[in-house]
Amino acid sequence: MNAVLSPHSPLAIRRLTPSLGAEIGGIELARGVAPETFGAIYDAFLRYQVLLFPAQDVPPAAQVAFARQFGEVQVHVMSMYHADGFPELYRLSNLDANGNPNGKHPDKGTLVWHTDGSWRRVTGQATIIYGEIVPETGGETHFCDMYGAYERLSPAWKARIANLRAVHNLDFSRTRRHGTDLMTEAQRREAPPVDHPIVRTHPETGRTCLYLGDHAESIVGMPYDEGRALIEELNALAIHPDLTYEHHWKPHELIVWDNRCLMHRATSYDPQTQRRVVRRCTVLGEVPHHDAPA
Ligand SMILES: [Fe+2]
């Protein structure tokens, strides 16, 4: 697909799939983004859901400054991941002090479809990841469109979940997926379970999407096991290969995505032989809501 330079946009936009994702050319993030250019980037963010900025040097301060143009940046409760003196940045790395692979995957929770910050009352808006070192094989990031996931549900499913709320709990998903490096009591107190509608109205586009993922533990007002089964079934139903963008990283690329209308996951890589260091920044969004159809 060729780049399209819209007369109304200062950006060179190349679509990554027919349904979601776009590469944005012609922007040097390290120089800072002027407000009018940022407006065009934000329009593309709402339209394409995932934006890829081709390989370029993005120092930590520039990444945080770019993230702040989207909104308030989250300081993660898991403070051992803070990077480069910026509490807004969260570094995932499998390197030891000598820069060699340490054999451990730093966050196994990222391998399962989820949406960032769904375990908070105010959930994640944008996540911005910069790939410092990326594996030659594996360590991909996959995105699936949750507008499309909702649209493709049967009328019976839509009716069944219309007013349901799911309890999202970081302690649940982390304990389940990790088995080690569990949350401390203080971190648990800082991130208590919260509930959100399963059917969410995107606050800016007004479109309806499915809002669930791996942090969802149970359904409000439903027996625990029944809720678990419903969540597992719906999480699987939400993924459609033709509504998915699979990104194979090149070093120094930067990706921004909209957590309100996407689920994402990382694919595994061999942490014994491959090196992967990424820095991530999550921008806070809003408390999810669902506008009932008029
Ligand atoms: Fe994530």
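For reference, positions follow the sequence shown, starting with 1.
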Asker: May I ask you to say whether Glu151 pairs ionically with Arg207, meaning some side-chain N is under 4.0 Å from a carboxylate O?
Answerer: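 Salt bridge present between Glu151 and Arg207.
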Asker: Could you state whether Trp113 and Leu170 fall into the same hydrophobic cluster, counting links through intermediate Ile, Leu, Val, Met, Phe, Trp or Tyr residues with side-chain heavy atoms under 4.5 angstrom apart?
Answerer: no
Asker: How about Leu284 and Val73: do any of their side-chain heavy atoms sit closer than 4.5 Å?
Answerer: no
Asker: Does Glu132 come within less than 4.0 Å of Arg276, counting only side-chain N to carboxylate O?
Answerer: no
Asker: Determine the sole option in Leu111, Asp116, Val112 for which the side chain to side chain contact (heavy atoms under 4.5 Å, CB included) test with His114 is passed.
Answerer: Asp116
Asker: Assess whether atom CG of Asn163 is packed by more than 12 heavy atoms of other residues, nucleotides or ligands within 6.0 Å.
Answerer: no
Asker: Is there a side-chain contact between Asn102 and Leu95, using heavy atoms and a 4.5 Å cut-off?
Answerer: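 Heavy-atom side-chain distance check fails, nothing below 4.5 Å.
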Asker: Hydrophobic cluster membership, with links at side-chain heavy-atom distances under 4.5 Å among I/L/V/M/F/W/Y: are Phe86 and Val277 in one?
Answerer: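 They do not share one cluster, since no chain of ILVMFWY contacts under 4.5 Å joins Phe86 to Val277.
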Asker: Would you find a donor on one side and an acceptor on the other, under 3.5 Å apart, between the side chain of Glu88 and the backbone of Arg280?
Answerer: no
Asker: Side-chain contact, heavy-atom cut-off 4.5 Å: Lys158 with Tyr150?
Answerer: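 SC-SC contact between Lys158 and Tyr150 confirmed.
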Asker: Any donor-acceptor pair under 3.5 Å linking the side chain of Asp270 with the backbone of Gln274?
Answerer: no
Asker: Between Tyr130 and Gln56, what is the shortest heavy-atom contact and its length?
Answerer: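 Answer, listing the atom of Tyr130 first, then Gln56: OH-O, 2.8 Å.
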Asker: Nearest 0.5 Å, please: how far is NE2 in His248 from CD in Glu253?
Answerer: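 Taking CD in Glu253 and NE2 in His248, the distance rounds to 9.0 Å.
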Asker: In the structure I gave you, are the side-chain heavy atoms of Pro101 and Pro271 within less than 4.5 Å of one another anywhere?
Answerer: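 The answer is no, as the side chains (C-beta and beyond) never meet within the 4.5 Å cut-off.
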Asker: Less than 4.5 Å apart, any side-chain heavy atom of Tyr211 and any of Ser118?
Answerer: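 Yes, close enough: below the 4.5 Å cut-off.
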Asker: Where is the tightest heavy-atom contact between Pro251 and Val134, given as atom of each residue plus distance?
Answerer: N-CG2, 3.6 Å
Asker: In a check of side chain to side chain contact (heavy atoms under 4.5 Å, CB included) between Leu230 and each of Leu212, Asn235, Leu164, which one passes?
Answerer: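 The single option meeting the side chain to side chain contact (heavy atoms under 4.5 Å, CB included) with Leu230 is Leu164.
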Asker: Check the orientation of Phe38 and Phe66. Use parallel for under 30°, tilted for 30 to 60°, and perpendicular for over 60°.
Answerer: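 The arrangement is perpendicular - the two ring planes meet at more than 60°.
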Asker: Quick one: does any side-chain atom of Gln187 pair with a main-chain N or O of Thr184 as donor and acceptor, under 3.5 Å?
Answerer: yes
Asker: Minimum heavy-atom separation for Thr201 to Gly206, with atom names?
Answerer: CG2-O, 3.7 Å
Asker: Using a strict cut-off of less than 4.0 Å between a Lys/Arg side-chain nitrogen and an Asp/Glu carboxylate oxygen, indicate whether Asp291 and Arg200 qualify as a salt bridge.
Answerer: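 Arg200 and Asp291: not salt-bridged.
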Asker: Taking Val194 as the starting point, is it possible to reach Val122 by hopping between hydrophobic residues whose side chains are less than 4.5 Å apart?
Answerer: no
Asker: Between Thr205 and Tyr147, do the side chains contain an N or O donor and an N or O acceptor separated by less than 3.5 Å?
Answerer: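 Yes, because at least one side-chain N or O of Thr205 sits under 3.5 Å from a partner of the opposite role on Tyr147.
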Asker: Nearest 0.5 Å, please: how far is CD1 in Ile231 from CE in Met222?
Answerer: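 Met222 CE to Ile231 CD1: 8.5 Å, rounded to 0.5 Å.
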Asker: Using 30° and 60° as the class boundaries, would you call the ring planes of Trp119 and His215 parallel, tilted or perpendicular?
Answerer: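 Rings of Trp119 and His215: perpendicular, over 60°.
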Asker: Before you tell me yes or no, could you show the steps for Asp145 and Gln49 under side-chain hydrogen bond (donor to acceptor under 3.5 Å, both in side chains), namely the whole-Å CA-CA distance, both residues' side-chain angles and the distance that decides it to 0.1 Å?
Answerer: CA-CA 8 Å; Asp145 169 23; Gln49 304 166 262; 3.0 Å; yes
Asker: Salt bridge (charged side-chain N to carboxylate O under 4.0 Å, His left out), that's the test. Do Glu232 and Arg176 meet it? Break it down for me.
Answerer: CA-CA 14 Å; Glu232 295 284 338; Arg176 181 183 187 209; 2.6 Å; yes
Asker: Show your reasoning for whether salt bridge (charged side-chain N to carboxylate O under 4.0 Å, His left out) applies to Arg152 and Asp242.
Answerer: CA-CA 12 Å; Arg152 290 194 186 180; Asp242 64 321; 2.8 Å; yes
Asker: Listing request: all ring pair (Phe, Tyr, Trp, His ring centres under 6.0 Å) pairs with a residue in residues 221-246, at least two apart in sequence or in separate chains.
Answerer: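 Every ring pair (Phe, Tyr, Trp, His ring centres under 6.0 Å) pair that includes a residue of residues 221-246, provided the two are not neighbours, is Tyr245-His247.
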Asker: Test your reading of the model: is there a side-chain donor-acceptor pair from Thr267 to the backbone of Gly139, 3.5 Å cut-off?
Answerer: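 Between the backbone of Gly139 and the side chain of Thr267 there is a qualifying donor-acceptor contact (under 3.5 Å).
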Asker: Are Val199 and Leu262 linked, directly or through intermediate hydrophobic residues, by side-chain heavy-atom contacts shorter than 4.5 Å (ILVMFWY only)?
Answerer: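 Leu262 and Val199: separate clusters.
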Asker: Centroid-to-centroid, His196 to His168, below 6.0 Å?
Answerer: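 That pair passes the under 6.0 Å test.
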Asker: How far does NZ of Lys250 sit from CG of Leu52, to the nearest 0.5 angstrom?
Answerer: 7.5 Å
Asker: Hey, mind stepping through Glu286 and Arg121 against salt bridge (charged side-chain N to carboxylate O under 4.0 Å, His left out) and telling me if it holds?
Answerer: CA-CA 8 Å; Glu286 50 284 302; Arg121 175 70 52 202; over 6 Å; no
Asker: Can you tell me how far SG of Cys209 sits from NE2 of His290, rounded to the nearest 0.5 angstrom?
Answerer: 9.5 Å
Asker: side-chain hydrogen bond (donor to acceptor under 3.5 Å, both in side chains), that's the test. Do Tyr48 and Glu23 meet it? Break it down for me.
Answerer: CA-CA 10 Å; Tyr48 298 106; Glu23 183 181 276; over 6 Å; no
Asker: Quick one: does any side-chain atom of Asp195 pair with a main-chain N or O of Ala166 as donor and acceptor, under 3.5 Å?
Answerer: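 Not a single qualifying donor-acceptor pair exists.
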Asker: Would Met263 end up clustered with Ile219 when hydrophobic side chains under 4.5 Å apart are linked, directly or stepwise?
Answerer: yes
Asker: In Å and rounded to the nearest 0.5 Å, what is the NE2 to NE2 distance from His289 to His202?
Answerer: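 One gets 10.5 Å once the value is rounded to the nearest 0.5 Å.
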Asker: State the CG-CG distance between Leu234 and Leu210, to the nearest 0.5 angstrom.
Answerer: 5.0 Å
Asker: Would Asn169 and Glu217 count as having a side-chain donor-acceptor pair, cut-off 3.5 Å?
Answerer: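 Judged by distance alone, the side chains do pair up.
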Asker: Can you name the one residue among Thr141, Asp258, Asn259, Thr115 that meets side-chain hydrogen bond (donor to acceptor under 3.5 Å, both in side chains) with Thr127?
Answerer: Asn259
Asker: For a 4.5 angstrom cut-off between non-hydrogen side-chain atoms, does Tyr269 reach Thr137?
Answerer: no
Asker: Provide the closest heavy-atom pair for Ala30 versus Ala62 in the form atom of the first, atom of the second, distance.
Answerer: CA-CB, 4.0 Å
